[in-house]
Amino acid sequence: MDVLRDLNPQQQQAVMAGTGPVLVLAGPGSGKTRVLTQRIAYLIGQMGVRPYHVLAVTFTNKAAREMGDRVDRMLGERGRGLTLGTFHSTCGRILRREADHLPFDSNYVIFDADDQIRVVKQVIKDLNLDDKRYRPHGVHASISRAKNELLFAEDFPVQTYRDEVVKRVYLRYQHTLLASNAVDFDDMLLWTAFLLEESPAVRERYSRRYEHILVDEFQDTNMAQYTLLKHLASFHQNIFVVGDPDQSIYRWRGADFRNVLRFDEDFPSAQIILLEQNYRSTQNILDSAMAVIDGNPHRTKKQLFTERGEGQKIMLQELYDDREMASFVVERIARSVASQRTQPGDFAVMYRTNAQSRILEEAFLAANLPYKLVGAQRFYGRREIKDIMAYLRLAHNPKDEISMLRAINTPRRGIGTKTIASLRTYAQSLDLSPGNVLLDLGVGAESEHWESLPNRVRTTLSPFGKLLSNWCNFRDDLSPLELMDQIIKDIAYRNYIEDGSDEGAERWENVMEFRRLAADYNEKSLMAFLEDVALVSDQDTLDASANVPTLMTLHAAKGLEFPVVFIVGLNEGTLPHIRSFDDPEAMQEERRLLYVGITRAEDSLYLLHSLNRYNFGYSEPAEPSRYLDDIPMLLIDDGYTGGQKRRSRSSIFRPEKWESPEYTEQVVEQEYSPGMRVGHPAWGEGMILNSKIEDNEEIVDIFFEDIGLKKVVASLAKLTVL
DNA sequence: ATAAAGTGACTTTTT
DNA sequence: GTCACTTTAT
């Protein structure tokens with residue numbers, strides 16, 4: 001196979017490894033996707049394995065699609081029939097097929113993060129628990145963790161009183177899901193692992209079917225995923241995994257990079273292959289990445305190398321605050337593009353938390369430069385999309401209680417909390433789902449439930465029940481798009497959403513966009529549409545076609561590469577994030593996160609930190625990230641020779657608009673002096689401690705009674721002299 | 001039952 | 001500073 005000529009010896013060794021377990025430890029940019037796809041091509045093209053017997057799993061749809069495209073290019077027709085998908089979609093398919101062995105039907109719906117929290121909230125309310133003491137997010141996190149550890153509610157370990165409460169919530173949570181004929185993300189893995197574990201016949205069937213298993217990003221697997229892989233490989237041990245423990249960044253989601261070590265123990269005959277040659281970055285970038293990651297204990301050091309040469313130094317820049325950081329980024333990009341050396345699409349800006357994106361977006365908007373932001377939440381999380389989804393889901397599966405609760409009074413149709421409560425209690429007393437009672441009430445006085453319910457309740461519910469039963473009747477004869485249009489018309493959704501405001505118009509635009517997405521499913525089922533929408537990830541929404549800079553979190557950046565990378569907010573508290581401070585394991589993950597970010601860069605890397613960082617909308621003094629100290633000076637270009645003034649104040653960057661005539665000609669006078677008392681709209685009253693003019697701005701230190709010392713720019717803060 | 005006004009948590013990362 | 005949820009007034 002001549003493709004092998006393009007591979008280095010280690011890559012070739014991996015691609016052509018014989019049968020049995022193989023562990024490929026692949027550094028960043030070492031061509032792991034190529035190895036995976038070539039391996040598939042090798043198995044099918046050279047070893048005569050039928051595509052039907054090959055299973056390849058990834059974490060994102062995008063990665064799966066990319067691999068699929070590459071395999072397609074190499075094998076064409078010969079590759080048809082290969083199973084290639086994310087863990088969740090693969091499990092989803094198995095669960096639908098094997099629903100007979102499971103406590104739900106094959107037309108189950110998938111509860112997304114938002115639905116999961118809603119269920120927990122509902123349960124906490126139903127159990128009369130205090131949602132201040134037991135925060136839905138926290139309780140859900142405990143449940144999710146348990147599921148990832150393959151623990152059902154019945155087996156939830158109880159050591160504290162809180163555990164006891166969580167267990168009760170978990171039991172009822174799971175009950176609600178099953179009554180709704182629903183599974184959550186964690187369940188998809190959990191039920192599949194359970195199925196393979198409990199039913200030897202099913203296990204054997206799938207293990208024989210998937211004779212060759214390939215896994216991408218293996219370091220991100222959790223216990224459930226690892227277990228199900230082990231079961232699938234139980235008959236043949238033909239499991240080929242690719243991963244990098246240094247790029248494990250999903251610990252909070254249950255991922256355990258120790259699965260890489262476990263693999264070696266569970267499959268003692270495993271061949272281990274190291275890929276260390278990097279084809280992406282310059283040596284300076286790799287050296288700084290290694291300098292950062294070497295700060296983590298207990299790891300096997302990797303020696304990443306490239307044939308690309310040293311390249312430019314790492315650009316380190318200190319700025320006054322996040323706003324200046326954003327302006328700096330935009331300015332640099334604009335200048336670089338203007339100089340014709342680069343294209344807008346060559347740039348990526350990465351940050352630790354989503355909240356940091358806003359200030360960047362504002363800077364791009366202000367400069368009139370287009371950009372794209374990675375994040376599905378922006379679309380699928382919108383109220384109007386969730387509303388329509390609730391209706392579609394309800395039509396598909398009337399048992400879905402969460403969708404029922406959302407749809408029943410959106411738009412308002414006079415069904416309030418009281419009415420809903422009596423519907424729920426009544427349904428519960430008969431062990432029916434509220435949706436089914438609702439459906440039946442649609443027929444009016446003929447309904448078997450009619451006499452049992454108060455007049456007010458049944459007359460308000462009946463019309464909605466009628467609507468719902470209509471949709472349920474249509475659903476199999478209509479395409480997802482036609483059903484959506486019918487629903488939108490029946491509930492007069494446009495009228496509800498378009499209130500004349502710009503926001504209303506935008507919402508309706510989103511609904512139209514959602515329609516276009518549904519139009520792709522004319523030949524497919526409503527179920528397929530619902531499943532795909534539930535399983536899209538942020539990374540999947542990235543469209544590579546637009547030639548504009550990309551903004552994303554460091555998490556979303558994994559697997560991507562860009563000629564120029566900016567990592568912003570390299571401050572203590574942001575990266576590493578303050579929430580990780582007290583947990584050594586979490587701190588190691590923060591470091592890996594930066595490692596992932598650095599290794600995305602091909603040619604240029606900017607590391608930015610600021611003297612002040614915004615937190616909850618307040619600006620407060622900030623320290624540079626500790627990780628910056630780990631990067632050797634000689635790799636760094638901080639705009640000065642020798643790096644002496646590395647963190648000096650004079651390096652503060654001033655955006656251009658501040659140098660516009662109005663600002664530069666007019667000299668700011670010092671208005672405030674120590675001892676004066678002032679009022680601030682948000683922070684209350686305070687006393688001036690110090691005031692000085694800097695870069696034609698008056699910078700005032702104020703001690704506020706309520707929140708302590710703050711540094712503000714007088715012209716921006718709306719101060720009043722008291 | 002609903003709209004308006006007030007309160008409090010929230011910001012880590014997502015299939 | 002923002003969101004979602006709760007209380008209050010209509």
Side-chain angles (χ1 to χ4, degrees), chain A residues 57-64 85-92 110-114 116-118 121 125 131-132 135-138 140-141 144 147-148 183-190 217 220-222 224-225 248-255 350-359 374-377 380-383 409-420 456 460 499 531-541 552-558 569 573-581 583 586-587 589-590 592-594 596-597 613-619 681-683:
Chain A
V57 266
T58 62
F59 274 84
T60 65
N61 294 301
K62 182 164 173 279
T86 63
F87 270 99
H88 287 84
S89 66
T90 307
C91 288
I110 299 163
F111 276 8
D112 66 18
D114 190 62
Q116 293 168 37
I117 296 298
R118 278 166 195 269
K121 258 186 207 153
K125 205 174 253 178
D131 64 353
K132 296 276 186 315
R135 299 249 206 70
H137 266 106
H140 176 258
S144 177
K147 287 185 173 185
N148 289 330
V183 301
D184 63 20
F185 291 142
D186 302 317
D187 278 340
M188 300 184 81
L189 309 172
L190 175 67
E217 307 279 16
D220 285 331
T221 52
N222 61 32
Q225 287 159 329
S248 165
I249 52 173
Y250 288 104
R251 196 182 82 101
W252 49 274
R253 212 167 83 191
M350 301 172 189
Y351 36 82
R352 174 68 238 262
T353 69
N354 272 313
Q356 293 171 265
S357 75
R358 222 179 68 216
I359 214 149
V374 182
Q377 181 61 12
Y380 291 99
R382 284 174 186 277
R383 203 184 347 189
N409 205 29
T410 314
R412 306 261 131 77
R413 46 175 79 86
I415 304 176
T417 39
K418 289 269 168 57
T419 316
I420 294 170
R456 211 194 138 78
T460 40
D499 54 0
E531 172 158 329
D532 287 355
V533 170
L535 294 180
V536 285
S537 76
D538 277 3
Q539 282 140 83
D540 300 333
T541 62
M552 74 196 111
T553 62
L554 287 162
H555 282 88
K558 197 171 62 163
T574 306
L575 183 66
H577 196 272
I578 192 162
R579 298 258 293 236
S580 299
F581 278 7
D583 180 349
M587 284 303 275
E589 186 145 309
E590 297 286 327
R592 292 196 290 267
L593 211 38
L594 178 56
V596 166
R613 69 181 190 119
Y614 282 100
N615 207 11
F616 293 106
Y618 302 125
S619 185
W683 302 337

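Protein chains get the first letters and strands the later ones, always in sequence-line order, with residue 1 at the start of each. In what follows, every heavy atom counts, from backbone to side chain, and hydrogens, waters and symmetry copies are set aside.
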### Message
Need one value for A/T574: base, sugar-phosphate or nothing, where a base atom within 4.0 Å counts as base even if backbone is also close, heavy atoms only.
### Response
nothing
### Query
Counting only side-chain N and O atoms of A/R412, is one of them less than 4.0 Å from OP1 or OP2 of B/dA3?
yes
### Task
Find the distance between OG1 (A/T353) and CG (A/L575) and round it off to the nearest 0.5 Å.
10.0 Å
## Note on the structure
Of the candidates B/dA3, B/dA1, B/dT12, the side chain of A/K418 sits closest to B/dA1
### Message
Considering every strand and a 4.0 Å limit on heavy-atom distances, what is the contact class for A/H577: base, sugar-phosphate, or nothing?
### Response
sugar-phosphate
### Query
Starting at NE2 of A/H137 and ending at P of C/dC5, how long is that distance when rounded to a whole Å?
10 Å
## Note on the structure
Picking from B/dT14, B/dC10, C/dT6, the nucleotide nearest the side-chain atoms of A/K125 would be C/dT6
### Task
Provide the distance between the two P atoms, one in B/dT13 and one in C/dA4, to the nearest whole Å.
15 Å
### Query
Parallel, tilted or perpendicular: which describes the rings of A/F87 and A/F59, with under 30° parallel and over 60° perpendicular?
tilted
### Query
How would you label the contact of A/N615 with the nucleic acid (heavy atoms, under 4.0 Å): base, sugar-phosphate, or nothing?
nothing
### Task
Among B/dT14, B/dT11, B/dC10, find the nucleotide with the atom closest to the side chain of A/F616.
B/dC10
### Task
Sort out the partner of B/dA5 for me: Watson-Crick or G-U wobble, both distances under 3.5 Å, none otherwise.
C/dT6
#### Entry: Value in whole Å for how far the P atom of C/dC5 lies from CZ of A/R383
11 Å
### Summary
Output for pair (A/T60 OG1, A/E217 CD), nearest 0.5 Å, gives 8.0 Å
### Earlier contact from the 5' end, DNA chain B, for A/N409 and A/H555
A/N409
### Message
Of the options B/dA9, C/dT2, B/dT12, whose atoms approach the side-chain atoms of A/R358 most closely?
### Response
C/dT2
### Message
Check the phosphate of B/dT14 against A/T553, side-chain N and O only, distance under 4.0 Å to OP1 or OP2. Yes or no?
### Response
yes
### Task
Among the candidates B/dT11, B/dT2, B/dA1, find the nucleotide nearest to the side-chain atoms of A/T419.
B/dA1
### Task
Tell me what A/K121 touches on the nucleic acid: a base, only sugar-phosphate, or nothing, going by heavy atoms under 4.0 Å.
sugar-phosphate
### Task
Mind calculating the distance between CG (A/N354) and C1' (C/dG1) to the nearest angstrom?
16 Å
### Message
Rounded to whole Å, how long is the line connecting atom CG of A/D583 with atom P of B/dT13?
### Response
17 Å
### Message
So A/R118, base contact, sugar-phosphate only, or nothing? Heavy-atom distance under 4.0 Å.
### Response
nothing
### Message
By nearest heavy atom, map A/T417 and A/E590 onto DNA chain B; which one lands nearer the 5' end?
### Response
A/T417
### Message
Base, sugar-phosphate or nothing for A/R135? Non-hydrogen atoms, less than 4.0 Å.
### Response
sugar-phosphate
### Task
Would you indicate what A/F185 reaches in the nucleic acid, counting non-hydrogen atoms under 4.0 angstrom: base, sugar-phosphate, or nothing?
base
### Task
Identify the nucleotide, in any strand shown, that forms a Watson-Crick or G-U wobble pair with B/dT12, with both distances under 3.5 Å; if there is none, say none.
none
### Query
If you take atom types as modelled and just measure distance, does the side chain of A/W252 reach the base of B/dT13 with a donor-acceptor pair under 3.5 Å?
yes
### Message
Under a 3.5 Å distance rule, please check whether A/H88 uses its side chain to pair with a backbone N or O of A/M188 as donor and acceptor.
### Response
no
### Message
Base, sugar-phosphate or nothing for A/R456? Non-hydrogen atoms, less than 4.0 Å.
### Response
sugar-phosphate
### Query
Please give, in whole Å, the distance from B/dT13 P to A/Q356 CD?
9 Å
### Summary
Tightest non-hydrogen contact, residues A/R592 and A/E589, listed as NH2-OE1, 3.0 Å
### Query
Base, sugar-phosphate alone, or nothing: which one does A/N61 contact when heavy atoms must sit under 4.0 Å apart?
nothing
### Query
In Å, rounded to the nearest 0.5 Å, how long is the span from OG of A/S89 to CD of A/E531?
7.0 Å
### Task
Record whether the side chain of A/R579 comes under 3.5 Å of the base of B/dT11 through a donor-acceptor pair of N or O atoms.
no
### Min side-chain heavy-atom separation A/L594-A/L554 under 4.5 Å
no
### Summary
Whole-Å distance, A/K132 NZ to B/dT7 C1', equals 9 Å
### Query
Rounding to a whole Å, what distance do you find between A/Y380:OH and B/dT14:C1'?
15 Å
